[in-house]
Visitor: 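One structure, as structure tokens, below. Some questions next.
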Amino acid sequence: GQQLNQSPQSMFIQEGEDVSMNCTSSSIFNTWLWYKQDPGEGPVLLIALYKAGELTSNGRLTAQFGITRKDSFLNISASIPSDVGIYFCAGPIPGGATNKLIFGTGTLLAVQP
Amino acid sequence: DTEVTQTPKHLVMGMTNKKSLKCEQHMGHRAMYWYKQKAKKPPELMFVYSYEKLSINESVPSRFSPECPNSSLLNLHLHALQPEDSALYLCASSQDSGRPSNGYTFGSGTRLTVV
């Protein structure tokens, strides 16, 4: 089936560093969503992207909708310890009356104070 | 109220038990979802309810039985589960299943352990 591949799989960084991660698909998506999941909690929506080339920010987070519509990128500037968690991209599989939201493989972020 | 509430938070059950997971939202969302998440893996879709009707069943074994009593509630009935069914079960809702682009709101999940 459809799969969203994220890289890197994990990152271990120092507090204050910038972070970049990406998500790629073999198919075109019309919407890209970025979620963060803390341990033992459900995913929380960070940023939603709706148009190819779109660049959207939410505080220290910036995400971009790739122009090919097959990829998306998330950057975190000046990381802090509470940025720790798993970051998932997600997108609705297009077509049909009921869309299915699928998730990427995830990027685990660890931040050392 | 912008939350999806799931109960219980933790559940341990034997393979012969019958239990239910509950999910509630009061955001007026008309689509509700069950996802299963194994450790260090992404959530995997199990069921989609749209306007209180089951619209997607992702070939889930019949030992999982969803129920949507009304537009605010979603249950997942469990019977004769296997140890490999142990996972975090996430409920989510969205305004409309045809427009998930506005994002899903997830609950905190039920951590299920089958012994």
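Naming: A, B, ... by sequence-line order, numbering from 1 per chain. Scope of the values below: all heavy atoms of this structure, side chains included, with no hydrogens, waters or symmetry mates.
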Visitor: So which heavy atom on H29(B) is nearest to which on S93(B), and how close?
Guide: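 Taking every non-hydrogen atom into account, ND1-OG, 2.7 Å.
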Visitor: For L109(A), run the side-chain contact (heavy atoms from CB on, under 4.5 Å) check against V84(A), I86(A), V19(A) and tell me which one passes.
Guide: V19(A)
Visitor: So among F88(A), Y35(A), F103(A), which one has a ring-ring contact (aromatic ring centres under 6.0 Å, His included) with Y35(B)?
Guide: F103(A)
Visitor: Which bit of K41(B) comes within less than 4.5 Å of chain A, counting heavy atoms only: side chain, backbone, both or neither?
Guide: backbone
Visitor: Given heavy-atom pairs under 4.5 angstrom as the criterion, report whether the side chain, backbone, both or neither of Q6(A) touches chain B.
Guide: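 Contact with chain B involves no heavy atom of Q6(A) at all.
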Visitor: With only heavy atoms counted, which part of E58(B) is less than 4.5 Å from chain A, the side chain, the backbone, both or neither?
Guide: side chain
Visitor: May I ask you to check whether over 12 heavy atoms, not counting those of K38(B), lie within 6.0 Å of atom NZ?
Guide: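 Counting other residues, nucleotides and ligands, NZ of K38(B) exceeds 12 neighbours.
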Visitor: Is Q37(B) in contact with chain A via its backbone, its side chain, both, or neither, using a 4.5 Å heavy-atom distance?
Guide: side chain
